[in-house]
Amino acid sequence: MMTEPAKLYQASVIAPVNIAVVKYWGKRDSVLNLPCNSSISVTLSQDDLRTHTTASCSPAYDTKDNLVLNSAQEDITGARTQACLRELRRLRAILEDTNPSLPKLSTLPLRIVSENNFPTAAGLASSASGFAALVSAIAYLYELPSSLTDLSRIARQGSGSACRSLFGGYVAWYKGMDVDGSDSIAVNIKPASHWPTMRALILVVSAAKKNVSSTTGMQTTVATSQLFKYRADEVVPHVMTEMTLAIRDKDFHNFARLTMSESNNFHATCLDTSPPIFYLNDTSRAAIRVVEDINQKAGRLVAAYTFDAGPNAVIYYQESDENLVAGTLKSFLANVEGWEGKGEKIQEKSCDGLSKDAIEI
Ligand code: ADP
Ligand code: DP6
Ligand code: CO
């Protein structure tokens with residue numbers, strides 16, 4: 001008699017990158033990943049920068065969970081990945097307990113395969129799209145009835161910035177007050193359609209893995225920087241209010257002004273860390289100068305740079321200024337020493353972000 005092959009259960013999702021315009025930097029609780037300050041991000045189009053993750057489980061798999069990231073084995077024994085897997089399994093087990101006809105997926109080993117179509121660990125928020133994709137792929141595999149807010153809360157435990165990659169559009173992550181993190185949640189403040197003329201352009205200055213991971217960098221900043229407390233307690237709360245209004249009013253002048261000063265304040269805090277953290281390089285600084293120059297020549301703010309924990313620039317501008325911004329940057333950067341690809345690596349993005357429709361099962 002033929003035995004039936006073991007069943008395979010599988011689900012795939014695509015998650016977008018989000019780039020903060022008010023930066024999260026510093027944890028008040030590094031186990032739960034609770035931030036010292038609130039933050040706001042813009043979700044980039046998943047047509048361009050994205051993580052694609054497939055999660056599967058089967059009785060035929062060997063006994064260990066396993067993650068292959070960009071074709072290489074990734075260590076998933078870290079506490080934060082384990083916290084995500086544990087929580088997702090717990091929720092699946094509750095479903096199985098209440099509905100005994102469901103297959104017992106919570107007890108099966110998981111295989112996760114993930115691809116980022118952009119540089120990983122280079123300051124383009126791969127941990128954000130990466131953990132958002134990992135958590136939502138397993139949630140869909142397990143058919144959890146969880147809301148996006150529930151998934152965001154789990155993804156936050158994998159990487160803080162990941163909690164902002166579930167909703168699309170403009171997303172605020174409120175730091176919250178509770179010790180258990182129950183009020184530290186990400187909220188969609190406006191959908192991408194609210195500001196359809198917004199564009200982002202990514203300058204891939206270097207695809208190399210950064211020397212100091214975001215997790216380590218912010219931990220050292222909290223422990224050593226004098227400026228950090230002032231930034232978290234005084235600067236960011238004001239910027240949060242003003243940035244929320246700038247987005248609400250589609251006020252590009254204030255959006256740009258705040259985005260650039262926030263990026264500079266964040267990198268100043270990195271420099272104030274001991275030992276100092278240098279995420280920007282000469283090419284990053286050249287890009288800053290070009291944007292400042294474009295704005296000065298135009299007599300208004302037409303472009304805004306921001307840099308996460310890495311040398312790669314994200315430049316926000318409005319569709320009507322496309323030729324001015326993209327054209328000037330392309331021709332300038334073609335002559336910058338150290339610019340890989342002589343300007344070919346400029347990618348243009350509209351900011352539409354993730355929606356539930358993006359999920360393929
Ligand atoms: P980034 O600036 O790219 O977010 P981080 O230092 O914050 O850099 O995080 C990079 C780490 O995030 C990677 O080393 C990896 O552990 C994790 N990561 C990145 N992409 C994925 C992914 N697709 N799936 C799971 N984990 C990922
Ligand atoms: C500069 O979310 O990558 O990009 O929570 O330790 O994984 P962990 O850090 P991560 O930090 C992101 C820092 C940032 C700013 C931001 O995205 O808000
Ligand atoms: Co990250």
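First listed ligand is number 1; within each ligand, the first listed atom is number 1.
- At a 4.0 Å cut-off, at least one heavy atom of Asn116 sits close enough to ligand 1 to count as contact.
- Nearest non-hydrogen protein atom to atom 12 (O) of ligand 1 is Ser127 CB, 3.4 Å.
- For Ala125, the closest heavy-atom approach to ligand 2 does not fall below 4.0 Å.
- For ligand 1, the atoms lying closer than 4.0 Å to a non-hydrogen atom of Glu74 are 15 (C), 16 (O).
- Taking a 4.0 Å cut-off on heavy atoms, Trp173 fails to register as neighbouring ligand 2.
- Here Ile19 has no heavy atoms under 4.0 Å from ligand 2, in either its backbone or its side chain.
- Ligand 1 does not have Ser159 within reach: every non-hydrogen atom of the residue lies 4.0 Å or more from it.
- Per-residue contacts place Ser214 under 4.0 angstrom from the following atoms of ligand 1 (heavy atoms of the residue considered): 5 (P), 6 (O), 7 (O).
- The single protein non-hydrogen atom nearest to atom 19 (C) of ligand 1 is Ser126 OG, 3.3 Å, given as residue, atom name and distance.
- The proximity of Ser159 to ligand 2, defined as any non-hydrogen pair under 4.0 Å, involves the side chain as well as the backbone.
- Contact annotation: Ser214 places no N, O or S atom under 2.8 Å from the Co ion (ligand 3).
- For atom 17 (C) of ligand 1, the nearest protein heavy atom (residue, atom name, distance) is Phe131 CE1, 4.3 Å.
- Short contacts between ligand 1 and Thr51, defined as distances under 4.0 Å to a heavy atom of the residue, involve ligand atoms 23 (N).
- Using a 4.0 angstrom heavy-atom cutoff, Ala122 counts as in contact with ligand 1.
- With a 4.0 Å heavy-atom cut-off, ligand 2 is reached by the backbone of Ser161 and by its side chain too.
- Residue contact check: Ala121 has heavy atoms under 4.0 Å from atoms 1 (P), 3 (O), 8 (O), 10 (C) of ligand 1.
- If you take OG1 on Thr107 and CD on Glu96, they are separated by 6.5 Å, rounding to the nearest 0.5 Å.
- Here Asp62 pairs with nothing under the side chain to side chain donor-acceptor pair (under 3.5 Å) rule; sequence neighbours left out.
- Using a 3.5 Å distance cut-off with no hydrogens or angles, the side chains of Ser284 and Tyr305 do not pair a donor with an acceptor.
- Every N/O-N/O distance between Thr53 and ligand 1 stays at or above 3.5 Å.
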Applying ring-ring contact (aromatic ring centres under 6.0 Å, His included) to Phe255 and Tyr316, what does each step give before you reach the verdict?
CA-CA 9 Å; Phe255 175 87; Tyr316 292 108; 5.6 Å; yes
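- Ion pairing between a basic and an acidic side chain is recognised when a charged N comes within 4.0 Å of a carboxylate O; Arg90 and Glu87 show such pairing.
- Salt-bridge check for Arg89 with Asp65: passed, with a basic side-chain N closer than 4.0 Å to an acidic carboxylate O.
- The distance from ligand 1 to the heavy atoms of Lys210 drops below 4.0 Å at these ligand atoms: 1 (P), 2 (O), 5 (P), 6 (O), 8 (O).
- With hydrogens left out, the protein atom closest to atom 27 (C) of ligand 1 is Leu69 CD2, 3.8 Å, a heavy atom.
- For ligand 1, the polar-atom distance check against Gly123 finds a nitrogen or oxygen pair separated by under 3.5 Å.
- At the top of the distance list for atom 14 (C) of ligand 2, counting protein heavy atoms only, stands Tyr24 O, 3.8 Å.
- Shown are Leu144, Leu151, Asp150; of these, the side-chain contact (heavy atoms from CB on, under 4.5 Å) with Ser147 is made only by Asp150.
- For ligand 1, the atoms sitting less than 4.0 Å from at least one non-hydrogen atom of Gly130 are 21 (C), 22 (C), 23 (N), 24 (N), numbered in the order shown with element in parentheses.
- At a 3.5 angstrom cut-off on N or O pairs, Asn18 does not count as close to ligand 2.
- Of all the atoms in ligand 1, the ones that sit under 4.0 Å from a non-hydrogen atom of Ser114 are 22 (C), 23 (N), 24 (N).
- Using a non-hydrogen distance threshold of 4.0 Å, Arg156 does not register as a contact of ligand 2.
- Cluster membership for Phe266 and Phe307, using ILVMFWY side-chain heavy atoms within less than 4.5 angstrom, is not shared.
- Applying the 4.0 Å criterion to heavy atoms of Ser213 picks out, from ligand 1, the atoms 6 (O).
- For atom 25 (C) of ligand 1, the closest non-hydrogen atom on the protein side is Leu67 CD2, 4.0 Å.
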